[in-house]
Number of protein chains: 2
Amino acid sequence: MSVQLPVQTVSRLCLIYRVLLGMDRETVLSSTKLGKLVNIPAHTIRKDLSVAGKLKSSNAGYKAGELLDFIKGLFNFDTPLRVCVAGIGLLGSSFIKNPVQEGGQFIIVAGFDTNINKIEVMKSDVPLFPAYEMADKIREMRIDLGIIAVPAQAAEITMQRMKEGGIKGILNFSPAILGDKDIAVRNVHFAEELRFLTAMIPDLEKGV
Amino acid sequence: MSVQLPVQTVSRLCLIYRVLLGMDRETVLSSTKLGKLVNIPAHTIRKDLSVAGKLKSSNAGYKAGELLDFIKGLFNFDTPLRVCVAGIGLLGSSFIKNPVQEGGQFIIVAGFDTNINKIEVMKSDVPLFPAYEMADKIREMRIDLGIIAVPAQAAEITMQRMKEGGIKGILNFSPAILGDKDIAVRNVHFAEELRFLTAMIPDLEKGV
DNA sequence: CCTCGGTTGTGAAATTTTTCACAAGTATTA
DNA sequence: TAATACTTGTGAAAAATTTCACAACCGAGG
């Protein structure tokens, strides 16, 4: 990771990583076949791997397991990360109840909410804490990433608390748009995905 | 919409549209102020509006309402779209129960599931149908967009059924990676967002 | 009416990203 | 061994995108 890879390249490598995860390690894939699986042109994949520093292996396709290990090593996907969730509403609790598997890369270790009742009532394997303890708990538990699933008006303060605790990255599902120069922030907004989709459809004759 | 705008520009305009929606129409914003709200450099915003064909209005900032109308007109965001949801699981039903508002731009008009019991048991204002009726219902009801919230192995067939019904765009929340040359498809995957976030953090000293 | 601080819109430059083309390697079959 | 049909990795060309710089404009306050 000495060189800073283009964002798009990182994004594509993540996508490739995903399909490789669900595949037998022995499968052999050409850049063309792989490209069809992820909807990326073959030459783009080869270039991405090239700039990412892919070592010369063979000129007869990639073995799924090797490629997986390469990307894993590149981004340190082998070290598990501690994740917390702020906001135990519908979405937030779904992360706690159905934690993402992904080969144990992410471990949900704490949940936070301003509503103390919710914390006490809810049954969960993941320990829940009141929101004002967020910074302390994040520091104590050495939490790496935060998922924000609070209402828009609480998003900013939540990010501040997470920063205060020394968090490294935030995935924000609240309608607020967050950003920070010190930490990585990614905003995800369902309605906007729909809107973007709509905007990308060239000749949409809208329904009544 | 005569010219095809760069994807990134479209994406940024959608983001701007979002903040404008939650703002008084009379507010006057300079490109600099607007830029701070959405984390985009001011000159990029001005360029985006320029290539999008923004007509000369004044040299003293943008009025929120006017800018909103401009983007709305550009992408036809004023005509409501009919949306259906395939897969009435945790995520799918959340779309049906808590429909996105967004100024009535999207109307959830139908849900589909292979499990007939689920359809009968579930109370909902939105009519629910068995999956095999999907293509017919989409055609009948003139549905524009589809949200896929089914398991990975059912994703492909679901897309095919939607295509068959003549759908224009798909937002895919299943773990499968979908793509099609005829219709617009957007894949959203939570774990991958986390992974991408991780990959973008330069010097992450991972926890134990 | 003139000036000052702030603003937009945009051509051109700079940069980034993608695409292309091809030498060189591999596996297979005869 | 030779021929065939693949394949990769990458420098260079092409294309796309972002950044810059600045003329022209606006509004307010003398």
Side-chain angles (χ1 to χ4, degrees), chain A residues 2-16 20 26-71 73-74 179 181 196 199-200 202, chain B residues 2-16 20 26-71 73-74 179 181 196 199-200 202:
Chain A
S2 42
V3 279
Q4 182 68 340
L5 261 38
V7 178
Q8 312 260 49
T9 294
V10 173
S11 162
R12 283 189 296 259
L13 289 176
C14 286
L15 197 64
I16 291 171
L20 293 176
E26 297 305 312
T27 316
V28 174
L29 292 156
S30 67
S31 56
T32 313
K33 283 201 207 99
L34 189 50
K36 273 174 194 144
L37 293 176
V38 292
N39 290 309
I40 299 171
H43 52 77
T44 304
I45 291 181
R46 293 206 304 276
K47 186 58 156 184
D48 282 342
L49 291 173
S50 174
V51 301
K54 174 84 177 57
L55 43 124
K56 186 92 173 185
S57 46
S58 95
N59 288 31
Y62 307 99
K63 204 179 269 182
E66 281 172 18
L67 201 49
L68 189 82
D69 291 343
F70 171 73
I71 300 176
L74 183 68
K181 61 182 183 351
F196 177 78
M200 292 302 290
Chain B
S2 43
V3 279
Q4 180 71 337
L5 261 36
V7 178
Q8 312 260 48
T9 293
V10 174
S11 162
R12 282 189 297 259
L13 290 176
C14 287
L15 198 62
I16 291 170
L20 292 175
E26 296 305 312
T27 316
V28 173
L29 293 156
S30 68
S31 56
T32 313
K33 284 202 207 97
L34 189 51
K36 274 173 194 146
L37 293 176
V38 291
N39 291 309
I40 298 170
H43 51 75
T44 304
I45 292 181
R46 292 206 303 278
K47 186 58 157 185
D48 283 342
L49 291 173
S50 174
V51 301
K54 174 86 177 55
L55 43 126
K56 187 93 171 184
S57 46
S58 98
N59 287 32
Y62 306 99
K63 202 179 271 183
E66 281 173 18
L67 201 49
L68 189 82
D69 291 343
F70 171 73
I71 299 176
L74 183 69
K181 61 180 183 353
F196 176 78
M200 291 304 288

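All values derive from a computational prediction rather than experimental measurement. Chain letters run A, B, ... following the sequence lines, proteins first and then strands; every chain starts at 1.
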With rounding to the nearest 0.5 angstrom, report the CG to OG1 distance, B:Leu67 to B:Thr27. 11.5 Å
To the nearest 0.5 Å, what is the distance between CD1 on A:Ile71 and CD1 on A:Ile16? 5.5 Å
Through what angle, rounded to 10 degrees, does the axis of the helix from C:dC1-D:dG30 to C:dA30-D:dT1 turn between its ends, using five pairs per end? 10°
Within the structure shown, what part of the strands sits under 4.0 Å from A:Ser31 by heavy-atom distance: base, sugar-phosphate, or nothing? sugar-phosphate
Rounded to whole Å, NZ of A:Lys63 lies from C1' of D:dT8 at a distance of 16 Å
Atom NZ of A:Lys33 and atom C1' of D:dA5 are separated, to the nearest Å, by 13 Å
5' precedence on DNA chain C between A:Pro6 and A:Arg46 (nearest-nucleotide basis): A:Pro6
Between A:Asp48 and A:Asn59, the residue closer to the 5' end of DNA chain D by nearest nucleotide is A:Asn59
Taking the side chain as every heavy atom from C-beta outward, state whether A:Val7 and B:Phe196 have any pair of such atoms under 4.5 Å apart. yes
Roughly how far, to the nearest 0.5 Å, is CG of A:Asp69 from CG of A:Leu74? 12.0 Å
With heavy atoms under 4.0 Å as the rule, sort A:Ser50 into base, sugar-phosphate or nothing. base
Look up atom CG in A:Asn39 and atom OG1 in A:Thr44, then write down how far apart they are to the nearest 0.5 Å. 12.0 Å
Do A:Val28 and A:Tyr62 have side-chain heavy atoms sitting under 4.5 Å apart? no
Go through A:Thr32 and A:Ile45 one step at a time and tell me if the side chain to side chain contact (heavy atoms under 4.5 Å, CB included) criterion holds. CA-CA 9 Å; A:Thr32 313; A:Ile45 291 181; over 6 Å; no
Can you tell me the distance, in whole Å, between the NE2 atom of B:His43 and the C1' atom of D:dC22? 14 Å
Does a side-chain N or O of A:Tyr62 approach OP1 or OP2 of D:dG9 to a distance below 4.0 Å, or not? yes
Nearest whole angstrom, please: distance from the P of D:dT7 to the CG of A:Leu49. 15 Å
Can you check the B:Ile40 CD1 to D:dT19 C1' distance for me, whole Å? 15 Å
Hey, which of these two, B:Gly61 or A:Val7, hits DNA chain C nearer its 5' end, going by closest nucleotide? B:Gly61
Segment of DNA chain C, first to last nucleotide, that comes within the 4.0 Å heavy-atom reach of chain A: C:dT17 to C:dA27
Please examine the side chains of B:Leu29 and B:Leu20, heavy atoms only from C-beta on, and report whether any two atoms are closer than 4.5 Å. yes
With a 3.5 Å cut-off and sequence neighbours excluded, list the donor-acceptor pairs that the side chains of residues 46-54 of chain A form with protein atoms.
{"unit_1": "A:Arg46", "atom_1": "NH1", "unit_2": "A:Ser31", "atom_2": "OG", "d": "3.2"}
{"unit_1": "A:Asp48", "atom_1": "OD1", "unit_2": "A:Thr9", "atom_2": "OG1", "d": "2.9"}
{"unit_1": "A:Asp48", "atom_1": "OD1", "unit_2": "A:Arg12", "atom_2": "NH2", "d": "3.0"}
{"unit_1": "A:Asp48", "atom_1": "OD2", "unit_2": "A:Arg12", "atom_2": "NE", "d": "2.5"}
{"unit_1": "A:Asp48", "atom_1": "OD2", "unit_2": "A:Arg12", "atom_2": "NH2", "d": "3.3"}
{"unit_1": "A:Lys54", "atom_1": "NZ", "unit_2": "A:Ser57", "atom_2": "OG", "d": "3.1"}

Whole-Å gap separating C1' (D:dT18) and NZ (B:Lys47): 9 Å
Report which part of the nucleic acid A:Ser30 touches: base, sugar-phosphate, or nothing (heavy-atom distance under 4.0 Å, all strands). sugar-phosphate
